[in-house]
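Below is one structure, written out as structure tokens, with a few remarks after it.
Each chain gets a letter, A, B and so on, in the order its sequence line appears, and its residues count up from 1. For clarity, every value in this text was computed on a predicted model and none was experimentally measured.
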Protein chains: 2
Amino acid sequence: MATIKDVARRANVSVTTVSATINGTAPVSDALKARVWAAIREVGYQPDPIARNLRKGVSTTIGLIVPDISIPWAAHLAKSMQRAFSEIGYNMLFASSEDDPEREFSEIEVFSAHRVAGLVVVPTSRGENYSARLVEGIHVPTVLVDRVLPQRHFDSVTDDNLLGAQMIVRYLHKLGHRDIAFMAGRTGISSSDERLAGFRRTMDETGVAIREELVRQPVYLRDQAYATVQQLMTLRDPPTAIVCINIAQLLGTMAGLGNLGLSAPDDVSVISFDGFHPAEGWSPAITSLKQDIATTSTRAAELLMARIREENQPEPQVIRVPPSLQIRSSCRAVA
Amino acid sequence: MATIKDVARRANVSVTTVSATINGTAPVSDALKARVWAAIREVGYQPDPIARNLRKGVSTTIGLIVPDISIPWAAHLAKSMQRAFSEIGYNMLFASSEDDPEREFSEIEVFSAHRVAGLVVVPTSRGENYSARLVEGIHVPTVLVDRVLPQRHFDSVTDDNLLGAQMIVRYLHKLGHRDIAFMAGRTGISSSDERLAGFRRTMDETGVAIREELVRQPVYLRDQAYATVQQLMTLRDPPTAIVCINIAQLLGTMAGLGNLGLSAPDDVSVISFDGFHPAEGWSPAITSLKQDIATTSTRAAELLMARIREENQPEPQVIRVPPSLQIRSSCRAVA
DNA sequence: ATAGCGACGCGAAACGTTTCGTCAAACAGG
DNA sequence: CCTGTTTGACGAAACGTTTCGCGTCGCTAT
């Protein structure tokens, strides 16, 4: 509760000098510096961030907005981000958009009112004029994560989905799979679009014709995947492998298979873009990509800090973090 | 960016009147009220929370500190808490203590400096003089979640662990299990202590002598459970059932069993206090308690708001939220 | 009539910082 | 020796609110 005034009184200098000593914004003689620091220690002074923010117009807080923190991927992202930012003296305001663009915009507004220094957003990417409204509503350094927008207004960090799709398709192809089902999410969401595009491209490269009835879209809720997988597996000529792009799909797919009395990999191979699922001890252990969240967070923090410090304001850039393929036991070779 | 001054100018009243209108802190005639509200709408005024905080000495932000957000239970808690508080106009500062008391204290300090209106903490509950240091460091309405402290200085909300243990033991007993292994966490952490105590008590009640070599403590890391389960299952007389108190234990246990070539429920039954694990589609589907996180969050929010509004300051109370038993397929009957 | 009171409105101080502009002293170059 | 510049320190204003205390008005009860 000690204020800067107490320090000034104690050190027998002006308030201005104390501030200058702390922030190094003006020259202070070594003698005074020593006196001031001593006084600070003696009265146990800690600058009041609120007052500082009011005066400077910007805080030392960054805001994180994710669609749903209860998704393991998002939880790990939050943890990793918090670690990255707390290391450099920032703390985190946190909100969940519940995958609702309106909530997202409102959270952005609230965070802006709180003068956050920067924003990390996993954008919902949906709704009329989404991109324009986002640009309109954000007046703070911002980095987008996981999903990129067609207009490059913001720095973005995302998985290298094309590469990931390539790894998945090539792996399945090597195992002999030709009838591959792909569940895409909503169109317009880059992570889904890119994964689908990568799937198509790599299938092309390997010279396998895609059976369009095996490409289902949009499938983004657990229950949709649950229903979809049952449709797929009751086709006259069912797929030999199913690709899931996220955890909701994977959970629905596994439950749906179970409901049919089918299991992976015996009846069908299952592979996932999302690596946050039980890996050991449960059967089957899902072969999946592993996202490099630590790198994603670090890169995002770097981009954001560069903008905040205004070191330079280059064109917004997109960083793609390569995933790795973790081969487990949910895929088997077919004739 | 409109300030209260702009509103005052526009409505042709004083700044004081605008403030009084907004906050209802002083009588304002209906005529002026109307003018002021109109002006507010016209200039698009939003009060600046920072300035308000500075003047009032308290913010509209509450701080959440959990040991590890990447644990599904904690992620769901965060989601639920955020929902509960955003509904009543509060937003959330968030931090992870990484299960380190020092970090926890430091986070509390940072949040206090930011003048949070209240604190929700899942306390690490470890270290010298923990309780005393906590009381010392916290000068803000606070509610503890999941873990209670021996000294009742704070409101607390926690699972009804005695009841949960009773449900688990009775269920296992009904299935014929007598040789039940129990992995406890660190001593001193109430959630673990209570679960163990409940286990002992209910075993007593059912008249089954506990085989002490099957009670292992402390086991709180995944790898400890991984190792422990292998010791347990290679005893001359191994347990027929294993009780896990949290997700780390469960993951380690399942992996450890897999490593031995054993599986649940064929070789041993497995049951868990923590309900956040894959339930459908994977084998085995773990029979577990289901924690009622929504209720936990609501109760915590209620307790905290009561303290913040100073409606009354009764003795700190402990609320215990009853879990429910979800029977799945990881336990089987034995002779 | 007038003292007293409630309702209403305002100016100014306060919250704890940072920063602007000023000033004295010390120092450099001619 | 004078001028111009740098260094070091400070007082006061500013950030955008809330709140304290005061003043004015109209009403009621004496």
Check for me whether the distance between the ring centres of A:Phe111 and A:Phe94 falls short of 6.0 Å. no

So, is B:Ser29 close to the C:dG9 phosphate, meaning a side-chain N or O under 4.0 Å from OP1 or OP2? yes

Heavy atoms only, 4.0 Å cut-off, all strands: where does B:Thr16 land among base, sugar-phosphate and nothing? base

OP1 or OP2 of D:dA14 sitting under 4.0 Å from any side-chain N/O of A:Arg55? no

What's the closest nucleotide to the B:Asn23 side chain, out of C:dG16, D:dA9, D:dT18? D:dT18

Nearest-nucleotide check on DNA chain C, B:Ala51 vs B:Pro27; residue mapping nearer the 5' end is B:Pro27

Note: A:Arg320-A:Asp159 ion pair, threshold 4.0 Å (strictly below): no

Given C:dT18, is OP1 or OP2 found less than 4.0 Å from the side-chain N or O atoms of A:Ser19? yes

Would you mind telling me which of D:dA9, D:dT17, C:dT18 lies closest to the side-chain atoms of A:Val15? C:dT18

Here the distance between atom P of D:dA9 and atom NZ of A:Lys33, to the nearest Å, is 9 Å

Heavy-atom side-chain contact between A:Trp73 and A:Ile293 under 4.5 Å: yes

Among C:dC10, D:dT17, D:dT19, which nucleotide sits nearest the side chain of B:Lys56? D:dT19

Can a salt bridge be assigned to the pair A:Arg103 and A:Glu107 using a cut-off of 4.0 Å between side-chain N and carboxylate O? yes

